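This one's a predicted model, so the numbers in the text were calculated from it and none came from an experiment.
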Amino acid sequence: MSDGTIVRPYGDTTGDGMVQTSFTLPVPPGPRAEGAALQLANKMGIEPAMVVHSHGIGGGGGTAGEGAAFTFFVVYGSVRHLVDLAAVEVEERAYPLLSPTEVNAAIKTRLRRSLVVLGACIGTDAHTVGIDAILNLKGFAGEKGLEYYREMQVANLGAQVGVADLVRTARDRRADAVLVSQVVTQRDAHLRNTRELAGAFREAMGESRPLLVVGGPRFDPAMAAELGVDKVFGRGTTPGEVASYLVHALVPEEEQ
């Protein structure tokens, strides 16, 4: 069911269009709730649809969601929509991936001083797993974090760092780059916090501000310019990718 550029979802057989999705409705569990879920699924283009799981949540106790005011659903069914792979737009990486040895050599020979990097979670975000994975020595996905790079001075400021404090610390330490992780995304808090970050650095430091890099599971890498930062990393980013980008953005090109 594909000519190489047009594809459909795959479930049991190629091109059958089968998908599975989950959502919550503010309806107590029961036949009426399942009917509402099927109606929503149909409007989403899933037809025929089946409710394969439902469970009451947010109730006042009891078993099997008894007294619950909401119902969580898993729906399975077929869609008719096609995906045109030729029309898919993604942000291509514009720099090579470097090994730690190559990163250190580039900084030492071309920048000729240590690269100063600060990292933090800002606002009320207390989820440090992401920034720790990038900065801490133990790293992520088999790669050492930026603390491992001998030509970098790395400081992990931790969680719930105020934007004003981050700006002040970046100025005091003459940071080359500030890395910010945002995991909390309710009501687009990650976008609001990033815009606040960019505005504060722009107001306080103007063109002399450090490189601003943000990351988290719900960010779209194509939104950097819109958010006022230099780079956005999404889910699954590794320390090596970040280190390679810092070299690309901050270390002068080798003279020919």
Side-chain angles (χ1 to χ4, degrees), residues 7-13 15-83 88-90 120-134 140-141 158-163 180-197 214-224 226-227 229 232-237:
V7 298
R8 293 184 69 191
Y10 173 94
D12 299 314
T13 59
D16 60 10
M18 300 301 288
V19 298
Q20 180 172 291
T21 187
S22 61
F23 52 84
T24 300
L25 291 178
V27 182
R32 182 179 179 85
E34 294 205 2
L38 291 175
Q39 182 185 126
L40 176 61
N42 291 159
K43 290 183 176 182
M44 293 168 63
I46 305 174
E47 190 172 3
M50 299 176 289
V51 174
V52 296
H53 174 77
S54 66
H55 187 81
I57 59 176
T63 59
E66 181 182 347
F70 300 83
T71 307
F72 172 78
F73 299 95
V74 177
V75 174
Y76 185 67
S78 178
V79 296
R80 297 184 176 86
H81 307 302
L82 303 176
V83 175
V88 174
E89 296 182 4
V90 296
C121 296
I122 59 174
T124 60
D125 201 327
H127 300 77
T128 63
V129 174
I131 198 69
D132 289 347
I134 298 301
F140 170 70
Q160 298 181 331
V161 178
V163 170
V180 168
S181 173
Q182 290 282 268
V183 175
V184 175
T185 60
Q186 284 85 347
R187 299 182 180 179
D188 286 338
H190 60 310
L191 304 181
R192 183 174 63 254
N193 289 342
T194 300
R195 291 189 177 101
E196 179 187 352
L197 172 82
V214 298
R218 290 281 300 278
F219 278 109
D220 179 353
M223 293 184 69
E226 178 184 340
L227 295 175
V229 298
V232 172
F233 284 105
R235 174 172 47 88
T237 299

*Mind checking salt bridge (charged side-chain N to carboxylate O under 4.0 Å, His left out) for R218 and listing every partner two or more places apart, or none if nothing turns up?*
none
*Determine, stepwise, if the pair V19 / I46 fulfils side chain to side chain contact (heavy atoms under 4.5 Å, CB included).*
CA-CA 8 Å; V19 298; I46 305 174; 4.1 Å; yes
_Minimum-distance pair of heavy atoms, taken over all atoms of T128 and G158_ = CG2-C, 4.2 Å
*What distance separates H53 NE2 from T71 OG1, expressed to the nearest 0.5 Å?*
10.0 Å
*Any S22 side-chain heavy atom under 4.5 Å of F72 side chain*: yes
*Let me see the working for V129 and V183 under side chain to side chain contact (heavy atoms under 4.5 Å, CB included), right down to the final yes or no.*
CA-CA 9 Å; V129 174; V183 175; over 6 Å; no
_Closest non-hydrogen atom pair, G56 against P29_ = CA-CG, 3.8 Å
*Hey, could you give me the CZ/CZ distance between R192 and R195, rounded to the nearest 0.5 Å?*
10.0 Å
*Output the distance between atom CG (D188) and atom CD (Q182), rounded to the nearest 0.5 Å.*
11.5 Å
*asked:* Pairing donors with acceptors under 3.5 angstrom, does anything connect the side chains of Q160 and T124?
replied: no
*Mind listing the closest non-hydrogen atom pair of V75 and A49 along with its distance?*
CG1-CB, 3.9 Å
*Do you know the tightest heavy-atom contact between F219 and L191?*
CE2-CD2, 4.1 Å
*State whether the side chain of T194 and the backbone N or O of H190 hold a donor-acceptor pair below 3.5 Å, judged by distance alone.*
yes
_Test item: E34 and F73 side chains (from C-beta on) under 4.5 Å apart, heavy atoms_ = yes
*N42 and E47: side-chain donor and acceptor closer than 3.5 Å?*
no
*Are the side chain of R8 and the backbone of V79 linked by a donor-acceptor contact shorter than 3.5 Å?*
yes
*Under the side chain to side chain contact (heavy atoms under 4.5 Å, CB included) criterion, do L82 and V7 qualify, and how do the steps go?*
CA-CA 6 Å; L82 303 176; V7 298; over 6 Å; no
*Grab the two heavy atoms, one from G15 and one from Y10, that are nearest each other, plus how far apart they are.*
N-CD1, 4.5 Å
*Taking every non-hydrogen atom, the tightest pair across P9 and D16*: O-OD1, 3.6 Å
*Looking at CG of N193 and SG of C121, how far apart are the two atoms once the value is rounded to the nearest 0.5 Å?*
10.5 Å
*How many angstroms lie between atom CZ of F70 and atom CG of L25, to the nearest 0.5 angstrom?*
10.0 Å
*Once you round to the nearest 0.5 Å, how far does OG1 of T237 lie from CD1 of I134?*
6.0 Å
